[in-house]
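Written below as structure tokens is the structure these notes are about.
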Number of protein chains: 2
Amino acid sequence: MKIILIDDHQLFLDGLGLILDSIEGVELLEKYTSPEQAIRLIEVLKPDVVFSDLDMPKLTGKQVAEHIKRVHPEIKVVILSMHVDPTIIKGLLDIGVDGYLLKTDDIEDFEHAVKLLSKDKKAFSPAVTDLLNSGKTNSIGAGTSFGNEHDLSMLSNREKEVLTAVAQGLSTKALSDKLCISPGTAETHRKNIMRKLDANNVADLVRIAVKAGLV
Amino acid sequence: MKIILIDDHQLFLDGLGLILDSIEGVELLEKYTSPEQAIRLIEVLKPDVVFSDLDMPKLTGKQVAEHIKRVHPEIKVVILSMHVDPTIIKGLLDIGVDGYLLKTDDIEDFEHAVKLLSKDKKAFSPAVTDLLNSGKTNSIGAGTSFGNEHDLSMLSNREKEVLTAVAQGLSTKALSDKLCISPGTAETHRKNIMRKLDANNVADLVRIAVKAGLV
DNA sequence: CTAAAAATACCTGAAAACCGGTAGTGAAAT
DNA sequence: ATTTCACTACCGGTTTTCAGGTATTTTTAG
């Protein structure tokens, strides 16, 4: 199995290269910190599989996957990522990627993934497999998501007002006075907002509000 | 030189382990995906140098460095990071870290860093060295940090850690686990912080923390 | 017009935050 | 040497949040 690697972090790339070299039946053709260069040379190298990082400065792993799948559908693309994010994963599946591995995986997981790929099967991290099996985009319990976009579009106008007030440090009582609603209503709004934004407490709400420019 | 590694990404950890093994004069004692565990076992292992990732979920590399430098000042701490961020780097220098390497560095940079460390010199990435030389952080003794630095000067280091944790949305219990203190102590810290910053609730704390760049 | 969505309001119980203390230890400063 | 300060820890009581609801009205969209 001929492989090329793409990751903007040279150190990770070097390390992963060493790991891959130690796996039976793997031939590491080339490593790239530049997605553009990798794409340019893919014609020449004719790899079986491309492992690409997701978060990269100029060209994201998703864009790399899209390009490769459009031009060379026969080449398998596996995305390496730090985050278990259902929406990201779904987007990648739509493109037709052949795997999604996590940087928190260990070498065994990686070897297993290589085996699956060699059998023309898709390769996902255990954690990702669990996610895909356990319903869909609903993840409230275990991991609080890191880098997801907190766009406030799903909030109603009133809810945005409430969120702003909460983020300003107003108590439910003060907030309800200010917005001329009952404290119970304020609570309801806050609950709905927290559900929609997957926030578990006031601190989460404030961070989101600040990042969204509400305060 | 006895080394331990800390990074929440198992795959990176494995790869970096292989790289370090290939470097002359390096003995890799142990690798940890859990900063807490690493800190707990540091007494036993007695490493010369700790390489730690900066961005980690439960305990940041900065907190790891703070803890190690507080408890075992003789152990060198080198931070691995993805970003060339002056404010971050300055904060780490204040703590007294012995190096700041980038994940975009290559193996040669890494070997060079190890050499410097063995000579009791500080080890920085070329890109970071450039930044440090190009002005900026020369004002070391003075507390006048560049940027706005919202008034957190009255807080002790520990209190800043607590504030950061609170702003990240951790409950008192979770926070106390993370910082290895009792919930009561965490409460005390939070109280003192709120008094010092004239904050009345978590929302106020989060806003201040975000504006101060703690999160 | 009607159905859906949004906004309003309330209830309950467990958990957590909040606020007032007190108090020991160890390190640093005067 | 004594004081000061940071850090640690605990107590007791009050308030608030948080997570389940339920339910009515108003507004919006098809």
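Note that these values count all heavy atoms, side chains included, but never hydrogens, waters or copies made by symmetry. The sequence lines fix the lettering, A, B, ..., with proteins before strands; numbering per chain opens at 1.
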Distances under 3.5 Å between protein N/O atoms and the N/O atoms of nucleotides 15-19 of chain C, please, pair by pair.
residue: C:dA17; atom: OP1; partner: B:Thr172; partner atom: N; Å: 3.2
residue: C:dA17; atom: OP2; partner: B:Thr172; partner atom: N; Å: 3.3
residue: C:dA17; atom: OP2; partner: B:Thr172; partner atom: OG1; Å: 2.5
residue: C:dC18; atom: OP1; partner: B:Val202; partner atom: N; Å: 3.1
residue: C:dC18; atom: OP2; partner: B:Arg190; partner atom: NH1; Å: 2.9

Ring pair (Phe, Tyr, Trp, His ring centres under 6.0 Å) for B:Tyr32 and B:Phe51? Distances and angles first, verdict last.
CA-CA 10 Å; B:Tyr32 295 100; B:Phe51 285 92; over 10 Å; no
Presence of donor-acceptor pair under 3.5 Å, side chain of B:Thr185 and base of D:dC10:
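When only heavy-atom distances are counted, B:Thr185 does not reach the base of D:dC10 through any donor-acceptor pair under 3.5 Å.
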Does any N or O donor sit under 3.5 Å from an N or O acceptor when you compare the side chain of A:Ser182 with the base of C:dC10?
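A donor-acceptor contact between them is absent.
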Could you state the atom-to-atom distance from [atom1] of [X] to [atom2] of [N] in whole Å?
{"X": "A:Leu155", "N": "C:dA6", "atom1": "CG", "atom2": "C1'", "value": "12 Å"}
{"X": "A:Lys196", "N": "C:dA5", "atom1": "NZ", "atom2": "P", "value": "11 Å"}
{"X": "A:Leu179", "N": "C:dA9", "atom1": "CG", "atom2": "C1'", "value": "15 Å"}

Are [X] and [Y] within salt-bridge range, i.e. N to O under 4.0 Å?
{"X": "B:Glu66", "Y": "B:Arg158", "result": "no"}
{"X": "A:Lys76", "Y": "A:Asp120", "result": "yes"}
{"X": "B:Lys178", "Y": "B:Glu36", "result": "no"}
{"X": "B:Lys103", "Y": "B:Asp53", "result": "yes"}

If you take all heavy atoms of B:Leu175 and B:Ala186, which pair is closest and at what distance?
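Scanning both residues, the minimum pair turns out to be CD2-CB, 3.5 Å.
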Minimum heavy-atom distance between B:Leu102 and B:Ala127, given as atom pair plus value
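Taking every non-hydrogen atom into account, CD1-CB, 3.9 Å.
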Output one line per pair: protein atom, nucleotide atom from nucleotides 27-30 of chain C, and distance, for all N/O pairs under 3.5 Å.
none

Of B:Asp98, B:Asp48, B:Ile68, which is the lone residue that meets side chain to side chain contact (heavy atoms under 4.5 Å, CB included) with B:Ile75?
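Exactly one option meets the side chain to side chain contact (heavy atoms under 4.5 Å, CB included) with B:Ile75, and it is B:Ile68.
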If you find the nucleotide of DNA chain D closest to B:Thr188 and the one closest to B:Glu159, which residue's nucleotide is nearer the 5' end?
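Nearest nucleotide further toward 5': that of B:Glu159.
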